[in-house]
Amino acid sequence: MADKNINILVVDDFPTMRRIVRNLLKELGYHNVEEAEDGAAGLERLKAGGFGFVVSDWNMPNLDGLEMLKQIRADDALKHLPVLMVTAEAKKENIIAAAQAGANGYVVKPFTAVTLEEKINKIFEKLDN
Amino acid sequence: MTSQDPAARTEAENFELIARIGQLTRALHENMRELGLDQEVERAAQAIPDARDRLNYIATMTEQAAERALSATEVAQPLQDSIEAQANGLAERWDSWFEQPIELGDARELVADTRAYLAWIPDQTRATNAQLLEIMMAQDFQDLTGQVIKKMMDVIREIESQLVQVLIDNIPEEHRERKSVQKSAPSEASSLLNGPQVAAEKADDVVSDQSQVDDLLDSLGF
């Protein structure tokens, strides 16, 4: 069972999408949600520590979500952090690339509240096992 | 001054004008082909159907979002109205009972109705919340269309720069010296979707802001 008190970082360059994801997470019982507007800002926040889960877009300025994911996996302090990609990139090669880079889940926009909940729960279930 | 038929004169002038336009068009066409620009323009033209698809997508997404939000509102409003109407009804009955607290039987019924109302409320608010969530989710169109609009803007910027390049390469000789701008390397211009010009100031074939475009067009008399 997921710890609802974990700190979650939502990384997306569109403020609207950040709000949607934040509100959905709140609806699911996760109240400690913070936001970053691109991969570079996200990575900086993550390196400062304290986060237990990342929800990230792919296509962002400065540092995209895939590159951020690679840097998370290359960082000893962050490499075990679960990362859920939530993106409009829907090509197979995108999904494969994200998986190879170590994404824990991949949600294609537009998505439903149910889908997001399923993927988050699935990630926590796997982590528990 | 010989009196000429005005209509005939106009016709002769028209013919001359058409001939000049024809010559210019041919010159422009040949210049473009010599410079390889016809391919660039062709590529720009090919981007138009794609742009049309993108605009269609934006129109569809925004329409769907509006419909989702409106439908959810239409579902939620009767729920809210019903909560309000029943609360008003109960409040009225309580008010009159407090004014004349007589019949115990009436009071018992009122208490039962009030308890039933309280038990019924959470289902109603949950249903309303579901509609609010639906309205919130409908706003995801902003992200999706925003991404497509950004791509469209890149295409438009590219078409603009190609058109400006055509102008530059066809300025009369006397202006060419002043306004010479290096033609873009073909390899760099091979794709219409290069994304935003992140380092326009470093590239001499790219204008870095709108004022540069305006200046250039001004100097060419446009």
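All chains are named by letter (A, B, ...) in the order of the sequence lines, taking the proteins before the strands, and each is independently numbered beginning at 1.
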Reported [atom1]-to-[atom2] distance for the pair [X] and [Y], which is rounded to 0.5 angstrom:
X: A/E89; Y: B/Q147; atom1: CD; atom2: CD; value: 6.5 Å
X: A/E27; Y: B/L133; atom1: CD; atom2: CG; value: 5.0 Å
X: A/F14; Y: B/L144; atom1: CZ; atom2: CG; value: 8.5 Å
X: A/I20; Y: B/Q142; atom1: CD1; atom2: CD; value: 8.5 Å

Which atoms of A/N23 are under 4.5 Å from chain B, going by heavy atoms: the side chain, the backbone, both sets, or neither?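 Backbone plus side chain of A/N23, per the 4.5 Å heavy-atom cut-off to chain B.
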Above 12 or not: heavy atoms from other molecules or residues under 6.0 Å from CZ of A/R19?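 At most 12 heavy atoms, drawn from other residues, nucleotides or ligands, come within 6.0 Å of this atom.
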Taking atom CD of B/Q80 as the centre, report whether more than 12 heavy atoms of other residues, nucleotides or ligands fall under 6.0 Å from it.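 Correct, the count exceeds 12.
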Are any of the side-chain nitrogens in A/D13 or B/K150 under 4.0 Å away from the carboxylate oxygens of its partner?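 Salt bridge: yes.
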Can you tell whether the side chains of A/K109 and B/D143 come within less than 4.0 Å, N to carboxylate O?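 A salt bridge links A/K109 with B/D143.
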